[in-house]
Structures are given as structure tokens and as C-alpha cells.
Amino acid sequence: MTEKPELMVMTTLRPQAMARLEDHCTLLRWDEAGDREDFLRCHGPGCRAVVTSGHVPLTRGMLDAMPDLRLVSCSSAGYDAFDADALAERGIALTNTSRALHDDVADTAMMLILAARRALVPAEAHVRSGAWARDGAFPLQRKVAGTQLGIVGMGTIGQSIATRAQAFGMQVAYWNRSPRDLPWPQVPDLVQLARDSDHLVAIVAGGEGTRGLISERVLEALGPEGLFVNVARGTVVDEAALIATLTDGRLGAAALDVYENEPAPDTRLTGLPNVLNYPHHASGTVETRDAMAGLAADNVVAFFAGAPLISPVDLGPR
Ligand code: 8YV
């Protein structure tokens with residue numbers, strides 16, 4: 001019997017995916033090690049693949065301890081905790097799971113737009129508390145059909161949001177770091193896109209390249225009637241500016257799945273009456289988490305079989 005290849009496990013996946021990996025590989029459980037540095041020193045050399053999530057840091061120093069590494073299989077869309085430059089320099093392949101979670105994240109973006117625009121949470125409380133009978137009808141809200149949606153970041157998930165928004169009768173335009181050939185108008189100036197939009201959804205990759213991309217100027221351009229929705233990363237918005245503009249009325253409202261400081265976001269932000277909060281749970285369904293883990297495992301199995309990777313990420317040019 002041939003020996004199974006070693007796989008460094010930096011986060012545990014859903015049970016079915018773990019079982020599949022165990023069938024194909026000898027699992028090196030870094031995630032369960034007491035002294036992780038020592039574990040990497042002992043088991044890193046010779047290890048050719050890692051399975052992890054984009055939330056677990058993967059530094060240059062950790063890569064130094066795995067000189068034979070050729071694959072990082074990431075069980076999330078984002079990989080902003082990785083040193084992507086170091087991966088690219090060393091020619092280490094990276095795979096992610098955008099294609100497994102785009103439906104749920106796009107659904108969440110739409111849910112946040114609709115819930116914020118129709119005041120779902122206060123409306124629910126209006127019924128539950130008896131205020132409906134006591135105080136009368138709930139105030140009128142704003143119509144979504146016929147409005148303009150700006151999407152910041154037009155990858156797999158951005159495009160899924162766009163198709164849903166169209167089905168809801170919205171007009172879509174987008175901003176992207178690189179030009180794309182898509183059926184929606186691309187606006188190269190982010191401030192202009194915000195100015196033209198009723199709602200602005202951020203779904204751009206996190207990391208240093210996009211830190212503070214949604215700046216005070218962008219939020220001001222979105223304006224006192226505008227809604228900012230973040231299903232990307234907390235870092236892509238200047239959070240101090242977000243709090244300031246929401247507080248003094250330069251920005252109308254925000255609906256957020258992500259925050260700079262998770263899982264204990266700034267309460268000056270989460271406590272505002274014009275903010276709708278969700279706990280970084282856009283991909284949080286059984287089906288999608290199973291699919292993400294399954295895809296991460298499939299990439300590992302393909303790699304060790306010498307087959308093409310299923311969902312590689314293009315890391316260059318950097
Ligand atoms: C998280 C995500 O991985 O894929 C991403 O980049 O942010 C999410 O799917 C998930 O919420 C676990 O924290």
C-alpha cells in the first residue's frame with residue numbers, strides 16, 4: 001500500500017470533508033497542537049499541502065517552516081489573513097471557495113438591503129410589543145424596486161448580487177479594481193458610483209490593498225438618504241468615518257455583516273439606530289458550509305492526484 005501524503009490542517013472542516021481528507025491524507029493537526037510553532041518546525045518540512053480558512057493567519061515565517069509547500073486550500077472566499085505576496089513569490093497555489101458560497105452571500109446582501117429599507121427589525125418589534133394597536137400604523141418606508149445599486153467588487157459574489165438585484169427591479173452599476181467585460185456599467189470613480197447610488201454594497205476582497213477603500217468621501221457621496229451594505233470585510237470601510245457620517249446624518253444608514261473588530265465590534269457603531277447588524281454569517285448555512293468544506297477537500301484530493309485544481313485563485317501580478 002502506498003503511503004498517504006501529509007496534509008497540514010490549520011482549521012477543522014465539516015465532518016464529511018474531514019473524513020474525505022482522512023481517506024486520502026495523513027492529517028497533521030496543527031489546529032490541535034499545544035505548541036503550534038514547535039509543531040510546524042517538526043512537521044512543516046516535507047509537507048506539500050495545507051488546508052485552512054482565510055481567517056487563520058499564514059505568515060511568511062510559517063511558510064519558511066514549510067519549504068516544500070505547493071498548495072494552500074482555503075475553505076473561505078477571503079484570504080486576507082495570508083501573506084499573499086509570499087505565496088505568489090514562492091509559486092504556491094491557492095484555492096478558495098467563492099463558487100460554493102456566492103448564493104448565500106448574495107442572498108444576505110439582498111436580505112440586508114430589503115430589511116434595512118423596510119425597517120424589518122423595528123417593524124417586527126412594532127407588532128410583538130403591541131405598539132401597533134397602541135400607537136397605530138408603522139411609518140412608511142422606502143421602495144426598493146426602481147432604485148440604483150452600486151456594487152464595489154465584481155467577482156463571483158458581486159455578479160450574483162447583481163443578478164438578484166435586477167430581479168428585484170433595481171438598476172446595477174459597479175466598481176472593480178480591474179476592468180471586466182460584464183453586462184452592467186462599470187464606473188471607474190468610486191465616489192461617482194456612490195453619488196449615483198441609492199445603496200452601495202461592498203463585496204471586494206479584504207487585505208491591505210482595499211483597506212479604507214470606502215472612505216469618508218465615498219460615504220458622504222452616498223449621502224443622507226443612502227444605504228451602505230458591507231458583506232466584504234470590516235477593513236474595507238474607514239470605520240471611524242462610518243460612525244461619524246452615520247451619527248451626524250451625512251450617511252443615511254448601514255447594514256453590516258462584517259466589522260473591523262470581530263466578534264466584538266465597536267458598540268458606537270452597532271448601537272446606532274440607523275445600523276442593521278448581522279454577525280458575519282453570510283455563508284452560515286448547513287448546505288453552504290458543507291459545500292465550502294467539500295470544495296476545499298476536493299482541491300486537496302485533486303492536487304495530490306496531479307489533477308487540475310478546481311477553484312484556483314489568480315495571485316498575480318502583485
Ligand atoms: C467566513 C467569509 O469564512 O468566505 C469568507 O471569506 O468571510 C465567510 O464565509 C465564514 O463566515 C466563517 O467565518
Side-chain angles (χ1 to χ4, degrees), residues 9-18 21 30-31 50-58 71-84 87 93-112 151-161 164 176-177 201-211 213-214 228-237 239 254-265 270 276-300 309-315:
V9 178
M10 297 195 142
T11 194
T12 187
L13 303 182
R14 300 273 299 161
Q16 237 178 326
M18 286 311 280
L21 288 174
W30 177 90
D31 59 328
V50 155
V51 70
T52 187
S53 133
H55 304 292
V56 181
L58 188 58
L71 172 72
V72 175
S73 173
C74 174
S75 181
S76 58
Y79 48 88
D80 36 309
F82 302 171
D83 188 330
L87 290 180
L94 172 67
T95 60
N96 78 348
T97 59
S98 298
R99 66 163 74 180
L101 55 73
H102 67 99
D103 280 328
D104 272 356
V105 180
D107 284 354
T108 301
M110 296 309 297
M111 172 184 80
L112 290 173
I151 300 178
V152 182
M154 206 54 156
T156 312
I157 308 171
Q159 292 171 50
S160 292
I161 296 171
R164 280 162 175 74
N176 198 62
R177 279 187 288 182
V201 177
I203 185 56
V204 72
E208 284 316 306
T210 55
R211 184 175 290 279
L213 177 72
I214 310 293
F228 171 62
V229 177
N230 196 354
V231 284
R233 286 289 181 266
T235 52
V236 308
V237 59
E239 206 168 270
L256 308 169
D257 180 44
V258 288
Y259 309 82
E260 204 163 307
N261 191 21
E262 297 176 6
T270 55
L276 175 63
N277 297 296
Y278 204 58
H280 195 156
H281 212 48
S283 70
T285 65
V286 172
E287 294 82 357
T288 290
R289 289 291 167 81
D290 279 346
M292 289 161 70
L295 180 55
D298 287 348
N299 274 303
V300 171
L309 296 172
I310 300 154
S311 52
V313 173
D314 183 2
L315 283 173

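Just so it is clear, the values below take in all heavy atoms, side chains as well, and ignore hydrogens, waters and symmetry mates. As the structure lists them, so they are numbered: ligands from 1, and atoms in each ligand from 1.
Across C74 and S53, no two heavy atoms sit closer than the pair SG-C, 4.0 Å.
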One line per pair, note the atom names and distance for all nitrogen or oxygen contacts under 3.5 Å between ligand 1 and the protein.
unit_1	atom_1	unit_2	atom_2	d
ligand 1	3 (O)	H55	NE2	3.1
ligand 1	4 (O)	A77	N	2.7
ligand 1	6 (O)	A77	N	3.4
ligand 1	6 (O)	G78	N	2.7
ligand 1	6 (O)	R233	NH2	2.7
ligand 1	7 (O)	R233	NH1	2.9
ligand 1	7 (O)	R233	NH2	3.3
ligand 1	7 (O)	H280	NE2	2.7
ligand 1	9 (O)	S283	OG	2.7
ligand 1	11 (O)	R289	NH2	3.0
ligand 1	13 (O)	H55	NE2	3.1

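The shortest distance between side-chain heavy atoms of E260 and V237 does not fall below 4.5 Å.
A search for side-chain hydrogen bond (donor to acceptor under 3.5 Å, both in side chains) contacts involving D31 returns R29, not counting sequence neighbours. Partners of T285 according to the side-chain hydrogen bond (donor to acceptor under 3.5 Å, both in side chains) rule, which considers only residues two or more places apart in sequence or in another chain, are D104, T288. A search for ring-ring contact (aromatic ring centres under 6.0 Å, His included) contacts involving H280 returns H55, not counting sequence neighbours.
Under a 3.5 Å cut-off, the side chain of R99 and the backbone N or O of I310 do form a donor-acceptor pair.
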